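Comments concern the structure below.
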Amino acid sequence: MSDANATEQNATHKFRNRLADLRGGGRAKPEDLAALEARIQVLEQTCAGLQATVRQLGGFPLPPAHLQTRVAAYDGAFFIEHGEMLLGYLEEALGAVGRDLTAFPSVLDFGCGCARVLRAYHFRATPSQELYGTDIDDEAIDWCRANYSRMASFGVNQEAPPLAYPDETFDLVFSVSIFTHLPEDMQFEWLEELQRVTKPGGYLLLTTFNERSFQEGLSDEARASARETGFFYNDQGVTTDGLPDFYRQSYHTPAYIRARWSEYFDVLAIHERAVDDLQDIVVCRRRAT
């Protein structure tokens with residue numbers, strides 16, 4: 001499905017539903033229904049022409065709406081815009097340690113979903129860079145493989161390591177809103193695995209919920225527990241359709257991250273409230289061996 005086709009679905013689906021309601025309810029004149037049908041057909045033809053133009057220009061499809069909303073609370077044009085915004089946040093975090101998005105030959109998006117950020121990264125990458133994406137969502141990965149193979153190489157990972165990559169494969173690993181959802185033990189398993197696939201001296205950008213999220217997403221008791229221990233996994237939190245039941249909400253304090261994540265990486269910086277004012281970006285580097 002192309003961007004134009006997604007636009008067509010979003011626009012014409014509503015009109016056709018409305019047309020069906022009018023026909024079923026008998027609340028409109030036949031000539032009015034015929035006029036509405038004609039308008040919908042013109043819209044569909046226009047969108048089909050736009051879709052063909054996008055294909056001819058080498059454009060990338062927009063994922064189906066349900067795959068977009070699985071990783072975000074929206075779909076459509078803002079899905080693309082927010083992917084670019086997220087990449088910008090990551091770029092700022094890298095810039096603070098003197099690095100640039102284009103400086104890494106091999107890049108992994110851990111928990112890429114339907115490639116919200118990889119899509120933006122592709123348009124910033126140099127020809128020599130290789131992009132990879134992996135996710136537990138096999139439906140999203142199947143779709144990416146079918147539609148985004150020119151953009152990146154995609155793989156499915158299981159709930160627990162290992163990833164299907166050799167040791168020391170990647171110069172940069174980034175993960176947006178994944179460690180915000182993992183139980184504590186699973187968090188450590190994946191930190192160890194990301195350590196394995198990252199090259200010595202390689203960088204990682206991982207996001208976590210911040211203090212504002214503590215205020216909005218937890219009860220007073222849970223907030224107190226999170227601040228005391230540094231970590232809280234809300235096993236009563238909301239689930240996401242299409243994702244495993246363990247995928248809830250996890251909260252970290254910066255002190256916890258510096259103490260525990262430093263067992264796996266050098267924690268270079270924590271950029272608080274860097275992602276939409278709701279998540280921090282943790283900048284890590286694998287120690288040289």
Side-chain angles (χ1 to χ4, degrees), residues 70-73 82 85-86 89-90 92-94 96-97 109-111 113 117 135-137 157-163 173-198 202-241 243-287:
R70 190 174 293 172
V71 298
H82 197 243
M85 290 170 59
L86 291 170
Y89 301 146
L90 299 178
E92 289 179 7
L94 276 175
V97 293
D109 182 349
F110 175 63
V117 183
D135 200 280
I136 199 170
D137 186 346
N157 60 266
Q158 303 305 310
E159 294 183 8
L163 295 171
V173 175
F174 67 88
S175 183
V176 175
S177 200
I178 298 300
F179 285 89
T180 52
H181 298 283
L182 303 182
E184 189 170 27
D185 289 347
M186 187 178 291
Q187 162 200 222
F188 293 133
E189 291 176 3
W190 281 113
L191 287 172
E192 183 175 8
E193 179 64 3
L194 294 184
Q195 179 192 56
R196 181 185 71 81
V197 299
T198 303
Y203 286 77
L204 301 94
L205 304 173
L206 314 174
T207 72
T208 58
F209 282 134
N210 61 22
E211 182 68 19
R212 178 181 170 187
S213 299
F214 280 36
Q215 295 294 333
E216 297 183 358
L218 294 176
S219 66
D220 291 343
E221 182 180 358
R223 279 196 295 272
S225 176
R227 292 191 177 107
E228 180 181 356
T229 65
F231 179 89
F232 185 81
Y233 172 66
N234 187 9
D235 59 2
Q236 301 301 311
V238 297
T239 57
T240 302
D241 289 342
L243 296 178
D245 184 66
F246 72 79
Y247 195 80
R248 302 294 181 108
Q249 290 81 38
S250 301
Y251 301 84
H252 304 71
T253 64
Y256 173 95
I257 291 170
R258 290 189 176 95
R260 301 303 307 274
W261 288 21
S262 62
E263 298 172 18
Y264 304 91
F265 307 103
D266 290 327
V267 178
L268 303 182
I270 300 176
H271 297 274
E272 298 187 31
R273 306 179 74 159
V275 178
D276 297 338
D277 207 32
L278 290 172
Q279 295 188 32
D280 299 341
I281 298 177
V282 185
V283 182
C284 301
R285 183 173 57 205
R286 182 179 167 182
R287 299 179 184 96

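Note that the structure is a prediction, hence the values are computed from the model and not measured.
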State, with a plain yes or no, whether a side-chain heavy atom of [X] is found less than 4.5 Å away from one of [Y].
{"X": "Val176", "Y": "Leu90", "answer": "yes"}
{"X": "Tyr233", "Y": "Glu184", "answer": "no"}
{"X": "Leu205", "Y": "Val282", "answer": "no"}
{"X": "Asp280", "Y": "Ile257", "answer": "no"}
{"X": "Leu268", "Y": "Tyr203", "answer": "yes"}
{"X": "Phe246", "Y": "Leu182", "answer": "yes"}
{"X": "Leu86", "Y": "Thr207", "answer": "no"}
{"X": "Phe179", "Y": "Leu191", "answer": "yes"}

Starting at [atom1] of [X], measure out to [atom2] of [Y] and round the result to the nearest 0.5 Å.
{"X": "Thr180", "Y": "Ile178", "atom1": "OG1", "atom2": "CD1", "value": "6.5 Å"}
{"X": "Ser225", "Y": "Asn234", "atom1": "OG", "atom2": "CG", "value": "10.5 Å"}
{"X": "Asp135", "Y": "Asp109", "atom1": "CG", "atom2": "CG", "value": "8.0 Å"}
{"X": "Glu159", "Y": "Ile136", "atom1": "CD", "atom2": "CD1", "value": "4.5 Å"}
{"X": "Gln236", "Y": "Gln249", "atom1": "CD", "atom2": "CD", "value": "11.0 Å"}

So, for [X] and [Y], which heavy atoms are closest and what is the spacing to 0.1 Å?
{"X": "Pro161", "Y": "Glu189", "answer": "CG-O, 3.6 Å"}
{"X": "Ala93", "Y": "Ile281", "answer": "CB-CG2, 3.8 Å"}
{"X": "Ser250", "Y": "Pro183", "answer": "OG-N, 4.2 Å"}
{"X": "Phe265", "Y": "Cys284", "answer": "CB-CB, 3.7 Å"}
{"X": "Arg227", "Y": "Thr253", "answer": "CA-CG2, 4.4 Å"}
{"X": "Thr240", "Y": "Arg70", "answer": "CG2-O, 3.6 Å"}

Q | Pairwise salt bridge (charged side-chain N to carboxylate O under 4.0 Å, His left out) hits with a residue in residues 265-279, at least two apart | A | Arg212-Asp277, Asp266-Arg287, Arg273-Asp277
Would you please name every residue forming a ring pair (Phe, Tyr, Trp, His ring centres under 6.0 Å) with [X], sequence neighbours left out?
{"X": "His82", "answer": "Tyr74, Phe78"}
{"X": "Tyr247", "answer": "His181"}
{"X": "Tyr251", "answer": "Phe209, Phe214"}

For the backbone of [Y] and the side chain of [X], can you confirm whether one donor and one acceptor N or O come within less than 3.5 Å of each other?
{"X": "Ser175", "Y": "Gly111", "value": "no"}
{"X": "Ser262", "Y": "Ala259", "value": "yes"}
{"X": "Asn210", "Y": "Ser213", "value": "yes"}

Q | Set of residues satisfying salt bridge (charged side-chain N to carboxylate O under 4.0 Å, His left out) with respect to Arg248, sequence neighbours excluded | A | Asp245
Q: Could you give me the CA-CA distance, side-chain angles and deciding distance for Trp190 and Asn157, then say whether side-chain contact (heavy atoms from CB on, under 4.5 Å) is met?
A: CA-CA 11 Å; Trp190 281 113; Asn157 60 266; 4.0 Å; yes
Q) Relative to each other, are the rings of His252 and Phe231 parallel, tilted or perpendicular (30° and 60° limits)? A) perpendicular
Q.
Once side chain to side chain donor-acceptor pair (under 3.5 Å) is applied, do any residues pair with Glu263, and if so which ones, sequence neighbours excluded?
A. Arg260
Q: Go through Trp261 and Leu206 one step at a time and tell me if the side-chain contact (heavy atoms from CB on, under 4.5 Å) criterion holds.
A: CA-CA 11 Å; Trp261 288 21; Leu206 314 174; 3.7 Å; yes
